[in-house]
Amino acid sequence: MSANLLYLFTYLIEAVALYYYCSSLFISKLSVKITCSIYVLSYLSMYLLSFFKSVPLNCTVTVLSTCFILCLVYNVKFYISLFHSVIITGIMSLSEIIIIALFSNFNNYTLLENQNVTYLTILAITSKILYLLCLKLISSIMPVRLRTTQYKSTSAILLTIISMISLYIAATLTMFVLLIKMPITFRYILSSCAVLLLISNILFYYIHQHILKKNYEFTDMQIQLQKEYDMGLYYKTLFSQNENQRILIHDIRKHLTTLSDLNSKKDYIHIQKYLDTLLHSTALRASVQVSDNEMLNSILCHYLNLCYEKDISMNTDIRTNSLSNLEYADLTSLFGNLLDNAIDSCDNIPKSVIDLSISKPQTNVSLISLINTCITPPVFDANHMPISQKENKQYHGIGMKSIQKIVNKYNGNIKVYYEEEKHLFHTIIMICSK
C-alpha cells in the first residue's frame with residue numbers, strides 16, 4: 001500500500017514538472033481549471049496502467065498521454081507535441097536508469113516484487129530531482145521568441161526520430177539493469193552510458209535551438225537592412241518631390257501668365273484643366289525645409305509628419321553644411337534608428353518632446369544632440385549603452401548596433417545618459433570625416 005501511494009506521489013511530481021515545462025514554452029488555449037482536470041485524468045490513467053509492470057507499455061503510455069495533453073491544452077501542432085513528448089519521456093527514463101544503475105540495491109525484485117519502500121523512496125526522490133533539473137535546463141535553453149514559434153515539420157520529425165532512438169536505448173538499458181544480475185562495476189558503466197546519452201540529447205537540443213536562434217537573428221538583420229533600403233528609396237523619392245516643388249515654384253510666374261492669357265480668351269474649359277493639372281501635381285504636396293542637406297531634410301520631413309500624427313513636439317536646429325560627408329545610406333540608417341527609438345519612447349506620453357540639433361563646431365566634425373522624453377529609466381549594459389526593454393530582448397537592439405557601426409565608420413563617438421528629474425534621455429554623437 002505504501003509503495004502504491006509513493007508511485008501516486010511520483011506521478012503527481014511528474015505532472016507538476018510537465019505543467020511547469022509546458023507553461024514556460026507554450027501558450028495555453030484552455031482555462032486553468034480545465035487544464036488541471038486534463039492533467040489529473042491523464043496522469044491517473046498512466047498510474048493505473050503502471051500496475052501492469054511493463055516498461056515498454058509505460059514508455060508508450062507516457063509518450064501518448066503527454067502528446068495528448070500538449071495537443072489538447074496548448075497551441076502546438078501534433079508533430080511538435082510528439083517531439084516534446086518523446087523528449088520528456090526519454091529524460092524521465094534516463095534519469096531513472098542513471099539512479100538505478102548507480103545503486104546495486106535497485107533491481108527487478110526490489111522494484112516490482114518486494115517493493116521496498118525505503119529503496120523506492122530513494123529512487124523516486126533522486127530520479128525526479130534529476131528529471132526536474134533536466135526539464136528546467138531544456139526550458140531555459142530555448143529562447144523566448146522560439147517558444148512561440150513552430151518548428152518546420154521536417155526539422156521536428158528528424159528531432160523526434162533521434163529522441164525516439166534515445167528513448168528506445170534508455171528503455172533497453174532499464175530492462176537490462178532490472179532483469180539481469182551484474183557486477184557493480186558494470187552497473188556503473190551502464191550508468192555512465194545513460195548519463196552520456198542524456199547529455200548528448202540535451203546538447204543536440206541546445207545546438208538545434210542555437211541554430212534556430214542564429215537563423216532568426218539573421219532574418220531580423222535582413223529585415224532591418226531591407227527596411228533601411230526601402231527607407232532610402234523613400235527618401236530619394238521625397239528628395240525628387242522637393243526638387244520638383246522648387247521647379248514648380250520657380251515656374252509659377254509662367255503658369256500664372258498662361259492662365260491669364262486663357263482667361264482673357266475666356267477659355268474656361270482649358271483654365272479648369274490647367275488648374276486641375278497643377279493642383280494634382282505631386283510637386284504641390286506639403287514639404288518642410290529644415291536642412292540644406294537634401295537627403296537629411298527628406299528624412300526629417302518624414303519624422304516631423306510622424307511626430308505630428310502622434311502629437312509629439314519635435315524641434316530641430318540643423319546648421320548648414322552639417323554631416324555633408326555622410327553617405328545617403330548612412331544618413332538613413334543613423335537618423336532612422338535614432339528617431340525611431342525616440343518616437344517609441346515618446347509614444348502615448350502627454351506633452352512629449354523630441355529636440356534634435358546638429359552643429360559643426362569644427363571643419364571636419366559634426367555634433368548631433370538628440371533629447372527625447374523617456375518616462376521609464378533605461379537600463380545600461382557594461383558599455384553604458386541602453387538595453388532594450390521590449391519583450392523579446394535578445395532580438396532587439398539591432399538599431400543601436402547599426403548606430404554604433406556608423407559612428408565607428410566615421411571615427412566618431414557616442415554618449416548617452418538619462419536625466420531622471422526631467423525624464424529626458426540624451427544622445428550625443430560626434431561624427432568625423434572618414
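All values derive from a computational prediction rather than experimental measurement. We use all heavy atoms of the structure for the numbers below, so side chains are in, but hydrogens, waters and symmetry mates are not.
- A donor-acceptor pair shorter than 3.5 Å can be found between the side chains of N408 and Q404.
- For the residue pair N325 and C432, the shortest heavy atom distance occurs at ND2-O, 3.2 Å.
- Side-chain contact of K136 with Y20: a donor-acceptor pair under 3.5 Å is present, judged by distance alone.
- N364 contributes atom CG, which lies 10.0 Å from atom CG of N411 (distance to the nearest 0.5 angstrom).
- No donor-acceptor pair under 3.5 Å is formed between the side chain of D347 and the backbone N or O of I343.
- A heavy-atom distance below 4.5 Å is found between the side chains of I88 and L18.
- Residues I312 and L306 are not in side-chain contact: their nearest non-hydrogen atoms beyond the backbone lie 4.5 Å or more apart.
- The environment of CZ in F380 is crowded: more than 12 heavy-atom neighbours from other residues, nucleotides or ligands sit within 6.0 Å.
- Atom OG1 of residue T89 and atom CE of residue M92 lie 5.5 Å apart, to the nearest 0.5 angstrom.
- S366 approaches L323 most closely through the heavy-atom pair OG-N, 3.1 Å.
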Residues 58-66, side-chain donor-acceptor partners within the protein, below 3.5 Å, at least two apart:
{"unit_1": "N58", "atom_1": "ND2", "unit_2": "S54", "atom_2": "O", "d": "3.4"}
{"unit_1": "T60", "atom_1": "OG1", "unit_2": "P56", "atom_2": "O", "d": "2.9"}
{"unit_1": "T62", "atom_1": "OG1", "unit_2": "N58", "atom_2": "O", "d": "2.7"}
{"unit_1": "S65", "atom_1": "OG", "unit_2": "V61", "atom_2": "O", "d": "2.9"}
{"unit_1": "T66", "atom_1": "OG1", "unit_2": "T62", "atom_2": "O", "d": "2.7"}

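- For the residue pair N321 and K360, the shortest heavy atom distance occurs at O-NZ, 3.1 Å.
- The CG atom of N372 sits 9.0 Å away from atom CG of L339, with the distance rounded to the nearest 0.5 Å.
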Given side-chain contact (heavy atoms from CB on, under 4.5 Å), test C134 with L130 step by step and report yes or no. CA-CA 6 Å; C134 291; L130 181 59; 4.2 Å; yes

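- Side-chain atoms of Y303 come within 3.5 Å of backbone N or O of G336 as a donor-acceptor pair.
- S322 places a side-chain N or O within donor-acceptor distance of the main-chain N or O of R319, the cut-off being under 3.5 Å.
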If you apply the rule side-chain contact (heavy atoms from CB on, under 4.5 Å), what do you find for K128 with L133, and how did you get there? CA-CA 8 Å; K128 296 313 164 189; L133 290 174; over 6 Å; no

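- Applying the side chain to side chain contact (heavy atoms under 4.5 Å, CB included) test to S42 and every residue at least two apart in sequence or in another chain returns I38, F68, I69.
- Taking all atoms of both residues into account, the shortest heavy-atom contact from K29 to L72 is CE-O, 3.2 Å.
- Partners of D311 according to the side chain to side chain donor-acceptor pair (under 3.5 Å) rule, which considers only residues two or more places apart in sequence or in another chain, do not exist here.
- Side-chain contact between D355 and L370: absent, with no pair of heavy atoms (C-beta onward) separated by less than 4.5 Å.
- Rounding to the nearest 0.5 angstrom, the gap separating the OH atom in Y410 from the NZ atom in K405 is 11.5 Å.
- Between Y7 and Y47, the ring centre distance reaches or exceeds 6.0 Å.
- Between Y19 and S24 there is no side-chain heavy-atom pair separated by less than 4.5 Å.
- Side-chain contact between K401 and M385 is absent, with no heavy atoms from C-beta onward closer than 4.5 Å.
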Evaluate side-chain contact (heavy atoms from CB on, under 4.5 Å) for L424 paired with C374, printing each intermediate quantity in order. CA-CA 5 Å; L424 294 175; C374 182; over 6 Å; no

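- Considering CG of L70 and OG of S85, their distance stands at 5.0 Å, rounded to 0.5 Å.
- The CD1 atom of I429 sits 6.0 Å away from atom CD1 of I403, with the distance rounded to the nearest 0.5 Å.
- Residues Y11 and L44 fail the side-chain proximity criterion, which asks for heavy atoms closer than 4.5 Å.
- Closest approach of V365 and P361 over heavy atoms only: O-CD, 3.7 Å.
- Proximity of a side-chain donor or acceptor of S352 to a complementary backbone N or O of I349 within less than 3.5 Å is detected.
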Please assess L300 against L356 for the test side-chain contact (heavy atoms from CB on, under 4.5 Å), listing each intermediate value before the final yes or no. CA-CA 10 Å; L300 296 181; L356 174 66; 3.6 Å; yes

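- Closest heavy-atom contact between I375 and H423: O-ND1, 3.8 Å.
- The ring pair (Phe, Tyr, Trp, His ring centres under 6.0 Å) with H84 is formed by just one residue from the set F26, Y74, F78; it is F26.
- Side-chain contact between C346 and I354: present, with at least one pair of heavy atoms (C-beta onward) separated by less than 4.5 Å.
- The shortest distance between side-chain heavy atoms of T427 and F425 falls below 4.5 Å.
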